[in-house]
2 protein chains.
Amino acid sequence: MTSAESPECEGHGAAERFTQARAAQSMALLEDYAEMIDDLIVEHGEARVTEIAQRMGVAHPTATKAVARLKREGLAISRPYRGVFLTEAGVALAARVRARHRTVVDLLVAVGVPVETAELDAEGLEHYVSETTLRAFEAWLRANP
Amino acid sequence: MTSAESPECEGHGAAERFTQARAAQSMALLEDYAEMIDDLIVEHGEARVTEIAQRMGVAHPTATKAVARLKREGLAISRPYRGVFLTEAGVALAARVRARHRTVVDLLVAVGVPVETAELDAEGLEHYVSETTLRAFEAWLRANP
DNA sequence: GCGAAAATGAAGCCTAGGCTACACTTTTGT
DNA sequence: ACAAAAGTGTAGCCTAGGCTTCATTTTCGC
């Protein structure tokens, strides 16, 4: 542990970091589903629960629950036995997520990570990259072409 | 996985990526607790549940539950009303996690992320960095001092 | 040495995110 | 047109990981 820790007493501020990481985690699944739904709409004009479930590697009721949460958060809309669609906010989220994913993969590849590994790791990593770090990645990629 | 994957259509195997990311997530908390306990043992000779809880930013019963899980996984041992200690496997895990954390922070800083942000983001990121990526980071850091 | 404070454990509740089983629509094929 | 197949929804169960409340044990101060 380096950086800004009080050497005496207990080093804290640690709790904050974990709390923040936990918050990021709760957003991660929502982001994945939003991006997935956006993909499906682009490909097929709509996203069906069954296909969302297949691609996410979960059973269909799990996908249904996730969609319900997306709707609660104002990111998606759907009617019974019909496809799922993203709201404006949902589309914006999906776009942000996709761009961030690209940047993360690009940076990993740029520092020597094999492309397939970069794609694999990015799936987990992307949700924990802050805006500040993302911009640093972009700046570095621009400066190191 | 009941239903098989259609090898046709476009880019899948996506399900696998998500499944893997989910598995990594289930390991993340265990890793954080193991590292934290190791820190406390180094500092105080033992790790008390209350202090683990404080530093993780959770209530003490939450820490107790996490310790129970660590014990189930063979990573820690403890007796009622006594401190928590790591098994050999737990110590090894903590060491690996700490080394990985440092490498991730170093790489982030090296590409221009502010130190405080790097520490913050690394807390979430580190759990999703594969061995391959970690080694790529180390190689890159050696080549770009 | 004893009573109070601090630490720990145990019970019970909540949400998220998995699952299976089953019921009900919609789509589809003859 | 209608029955079978496919898709979707609902209910109910599980685990993980949060929480509060309360009981118990240890530790500490006097």
Side-chain angles (χ1 to χ4, degrees), chain A residues 10 15-34 36-37 40 44-73 75-85 123-124 127, chain B residues 1-4 6 15-34 36-37 40 44-73 75-85 123-124 127:
Chain A
E10 327 82 60
E16 274 178 58
R17 291 209 309 272
F18 290 114
T19 301
Q20 176 171 320
R22 252 175 263 133
Q25 187 183 302
S26 88
M27 197 62 204
L29 256 276
L30 244 23
E31 291 178 344
D32 282 336
Y33 276 97
M36 181 64 75
I37 290 168
L40 289 168
H44 302 158
E46 68 174 356
R48 308 303 303 223
V49 170
T50 299
E51 191 153 20
I52 295 170
Q54 271 175 203
R55 292 215 191 172
M56 293 296 297
V58 298
H60 84 264
T62 301
T64 301
K65 273 196 192 178
V67 169
R69 200 172 153 220
L70 284 171
K71 289 168 75 172
R72 241 190 301 134
E73 307 274 345
L75 295 169
I77 48 175
S78 74
R79 283 177 17 241
Y81 297 99
R82 288 287 177 268
V84 179
F85 299 91
E123 203 61 65
H127 305 290
Chain B
M1 187 92 58
T2 43
S3 46
S6 309
E16 274 178 58
R17 290 210 312 273
F18 290 114
T19 300
Q20 175 171 321
R22 252 174 262 135
Q25 186 182 302
S26 88
M27 197 63 205
L29 255 279
L30 244 23
E31 292 177 343
D32 283 335
Y33 276 96
M36 180 64 75
I37 290 168
L40 289 169
H44 303 158
E46 68 174 356
R48 309 301 304 221
V49 170
T50 298
E51 191 154 19
I52 296 169
Q54 271 175 203
R55 292 216 190 169
M56 294 296 297
V58 299
H60 79 82
T62 301
T64 300
K65 273 196 192 178
V67 169
R69 199 171 152 219
L70 284 170
K71 289 169 75 171
R72 242 190 300 136
E73 307 273 344
L75 296 168
I77 50 175
S78 74
R79 285 181 10 246
Y81 296 100
R82 289 285 178 269
V84 179
F85 299 91
E123 204 60 65
H127 305 289

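The chains referred to below are lettered A, B, ... by the order of the sequence lines, with proteins before strands, and numbering in each begins at 1.
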Can you name the side chain to side chain contact (heavy atoms under 4.5 Å, CB included) partners of [X], sequence neighbours left out?
{"X": "A:E16", "result": "none"}
{"X": "B:R82", "result": "B:R79"}
{"X": "A:A59", "result": "A:P61, A:T62"}

Does [N] have its OP1 or OP2 closer than 4.0 Å to a side-chain nitrogen or oxygen of [X]?
{"X": "B:R72", "N": "D:dA16", "value": "yes"}
{"X": "B:R82", "N": "D:dT27", "value": "yes"}
{"X": "A:T50", "N": "D:dT8", "value": "yes"}

Rounded distance in Å - [atom1] ([X]) to [atom2] ([N]):
{"X": "A:R79", "N": "D:dG9", "atom1": "CZ", "atom2": "C1'", "value": "15 Å"}
{"X": "B:E51", "N": "C:dT8", "atom1": "CD", "atom2": "P", "value": "9 Å"}
{"X": "A:Q54", "N": "C:dC19", "atom1": "CD", "atom2": "P", "value": "13 Å"}
{"X": "B:R48", "N": "C:dA6", "atom1": "CZ", "atom2": "C1'", "value": "11 Å"}

> Looking only at heavy atoms, what is the nearest atom pair of A:A47 and A:L40, with distance?
Replying inline: CB-CB, 3.9 Å
> Going 5' to 3' along nucleotides 17-24 of chain D, which nucleotides have protein heavy atoms under 4.0 Å from the base (write B), which only from the sugar-phosphate (write S), and which from neither (write -)?
Replying inline: BBBBB--B
>> B:E46: which residues meet the salt bridge (charged side-chain N to carboxylate O under 4.0 Å, His left out) condition with it, sequence neighbours left out?
In response: B:R48
> Can you list the residues that meet the side-chain hydrogen bond (donor to acceptor under 3.5 Å, both in side chains) rule with A:Q20, with sequence neighbours excluded?
Replying inline: none
> Partners of B:K71 by side-chain hydrogen bond (donor to acceptor under 3.5 Å, both in side chains), sequence neighbours excluded?
Replying inline: B:S78
> Applying salt bridge (charged side-chain N to carboxylate O under 4.0 Å, His left out), which residue pairs with at least one partner in residues 21-33 of chain A are found, sequence neighbours left out?
Replying inline: A:E31-A:R100
> Angle, rounded to 10°, between the helical axes spanning five pairs at each terminus of the helix from C:dG1-D:dC30 to C:dT30-D:dA1?
Replying inline: 10°
